There are 2 protein chains.
Amino acid sequence: MTVTAAQGFLASGVAAGIKESGDADLALVVNRGPSRAAAGVFTSNRVQAAPVRWSRQALSDGRLAAVVLNSGGANACTGPSGAEDARRTAEHTARALGVGVVPDEIAVCSTGLIGVPLPMDKVTSGIDAAAARLSPERGEEAAVAIKTTDSVHKTAAASGPGWTVGGMAKGAGMLAPGLATMLVVLTTDADLAAPALDAALRGAVRTTFDRVDSDGCMSTNDTVLLLASGASGVTPGQAAFEEAVHAVCLDLARQLIEDAEGASKEIEVQVVGAASEDDAVTVGRSIARNNLLKCALHGEDPNWGRVLSAIGTTDAVFDPDRLDVAVNGVRVCRDGAADEPRDKVDLSARHVTITADLRSGDASAVIWTNDLTAEYVHENSAYSS
Amino acid sequence: MTVTAAQGFLASGVAAGIKESGDADLALVVNRGPSRAAAGVFTSNRVQAAPVRWSRQALSDGRLAAVVLNSGGANACTGPSGAEDARRTAEHTARALGVGVVPDEIAVCSTGLIGVPLPMDKVTSGIDAAAARLSPERGEEAAVAIKTTDSVHKTAAASGPGWTVGGMAKGAGMLAPGLATMLVVLTTDADLAAPALDAALRGAVRTTFDRVDSDGCMSTNDTVLLLASGASGVTPGQAAFEEAVHAVCLDLARQLIEDAEGASKEIEVQVVGAASEDDAVTVGRSIARNNLLKCALHGEDPNWGRVLSAIGTTDAVFDPDRLDVAVNGVRVCRDGAADEPRDKVDLSARHVTITADLRSGDASAVIWTNDLTAEYVHENSAYSS
């Protein structure tokens, strides 16, 4: 169930001293091959952290030998010296892993506070310590070392006949994918070339991580990587492989939203009857980002007027007088006006479903979000300190 | 300093019993002429309340004799019966005002909970009571009667030689202009035709109310009206008149942001060095809507990384490595990386200024917003109950 569930991968995690708390903060995931094919998806934020810029370039030839990840500092908005630090991190990792590994095959991921330089002496000694501990048994240890405000570490796996996809993720709310950064490393022992990995990863990310919108804030560091060792010797069919990658991504995405900072509700926004999938996603995001609605759901108030108001800010195809809204299956709004009494809706459970029917077509999409709570405000007003 | 500061206007406010609290909840503003020229700006939300649909149509000939406003119910998302209620409100007001007034010259404004029908018996008897109290001395009374969660009523005025512009507003945060609705009525005794009023009003709204973004939520009911009586007999120059309307709008917009629900900071987001005004507004809104930044400022943390991250989500012209950010005048970020130490920034005052320099041109814009607080969550999770 971890990043070492697939054959051919080693991992480890250590406390390098980057975090003041002394908690684990540096992880390695190493691909022992025989293949080094890889794919990646990065934040669409135009302000990109140094490790994202580095890893994009490292991945340009579709090969990765290893990923080095640190929590305790994002190395974002750190200027030329931050770029130098990301390069040195990759170089030091290549040296620590030994013969046959070059820096250009090392992806670097960082997460933590923006604008603060990494303590490179601690990073490099942490890499040495992590390299010395590498094992196929330490996937969980790696998942723990990449946590920031996460309350739990996140891992998942799925298998086909003779092959496996495993993965780990960090992120605790603040996703769009989100500011405190979502980092995901997936591994597989399936024998597939980079283009097949890329297609599977992009397809899965588009309908999983990209539809998690905890607070509308997009990170400078978000990274999702998929490394293939080929160690199983099996080349699965593309459809079966894509299904497995999707399952692992969906599992991890749900773990992220369940662990969102300060949240008391997981909210599944279902948009149906849309003229296009783009319309459905646009409307879903607008609903998911409406602070007033998120407050209302926190207060267990099925405030469907705020749903309509959020829909009304979009350019999707719909008629305001033909909008239906259900909350937890109770149709509280029909034809843009009140229908079933709102006190029929039971919002006491943690999971909430909002269904918005645009009655304009057959397309649909689901966006996951959280409620807005005083705890969210508290955690995020004290983050730097 | 009120909606009756200009000659030719009467106003009043009464407790009609629409609000369960028994507070004042119905207001009238009446133009005694000789002119009835008028202009209006309405919410751009595609889900529009019945009174907005009514008032748009009433204004289509550029004339208004009166405005009737109620708090305690938005008459939004109320279907065909809501439309009928808005029409009946205008008809009853026309009858109450007597000879020479027709329903098509009455604008209707409502604010309060979405999706709940208005208690029309209370509305009509309230209109009768308000009509009986009309006076040039009761502008303040009208401003009080349109409050919802506002902690104070809001009025303003500006004058030129022989003529005056006065106004009142309601709204307490939740502006984009915002969900709990911003209602503004401006009056003037200047003698100007509807096109001149329209130009002045649109210009002023574009750079005042449209740049207040307390929580990114856009109302179904927002309305800004300008009525001209011509009673001064003076026709001011267009530039002088536009300046006065702008001054009154700016004054009221600032009062709205200062009274935002649960806020502890007023945040002035200045975007400079933009390639275009549109870019400056887009970047300013993205910064103003970033929940993580709003939490950080609540915690008095000058978290400039969250400013850069918000800029990075826009399509404005900028180079990520040439962005500067100052907080309260201290340049904490230069060339996209740390500059002055963040502990030089004093965030203890209620007013906070964030200056983002895109270094890509000469255009600029200011967006006003608030911090995000536990009190905001509390007020908005308990709003319906």
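Only this structure's heavy atoms are used, side chains among them; waters, hydrogens and symmetry mates stay out. Residue numbers start from 1 in every chain, and the chains themselves are labelled A, B, ... in the order their sequence lines are given, proteins ahead of strands. Being a predicted model, the structure only gives us computed values, none of them experimental.
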Task: Close side-chain approach of B:Ser309 to A:Val47, heavy-atom, < 4.5 Å - done: no
TODO: Return the minimal non-hydrogen interatomic distance between B:Arg342 and A:Ile114, and the atom names on each side.
DONE: NH2-O, 4.0 Å
Task: Interface moiety of A:Leu323 toward chain B, non-hydrogen atoms closer than 4.5 Å - done: side chain
Open item on the list: For a quick test of reading the model, state the closest non-hydrogen atom pair linking B:Ala337 to A:Gly79 and the distance between them.
Closed with: CB-N, 3.5 Å
Task: Pair A:Asp321 + B:Arg53, salt bridge at N-O below 4.0 Å - done: yes
- [ ] Let me see the working for A:Asn303 and B:Leu113 under side-chain contact (heavy atoms from CB on, under 4.5 Å), right down to the final yes or no.
- [x] CA-CA 9 Å; A:Asn303 197 318; B:Leu113 193 62; 4.3 Å; yes
TODO: Look up atom CG in A:Leu308 and atom CG in B:Asn45, then write down how far apart they are to the nearest 0.5 Å.
DONE: 9.0 Å
Task: From B:Ile311 atom CD1 to A:Arg46 atom CZ, the distance as rounded to the nearest 0.5 Å - done: 10.0 Å
TODO: Determine whether B:Asn291 and A:Asn291 make a side-chain contact, defined as any pair of heavy atoms from C-beta on separated by less than 4.5 Å.
DONE: yes
Task: Selection from A:Asp335, A:Thr314, A:Val332 maximising heavy-atom pairs under 4.5 Å formed with chain B - done: A:Thr314
- [ ] Specify which of A:Pro320, A:Cys77, A:Ala374 makes the most heavy-atom pairs with chain B at under 4.5 Å.
- [x] A:Cys77
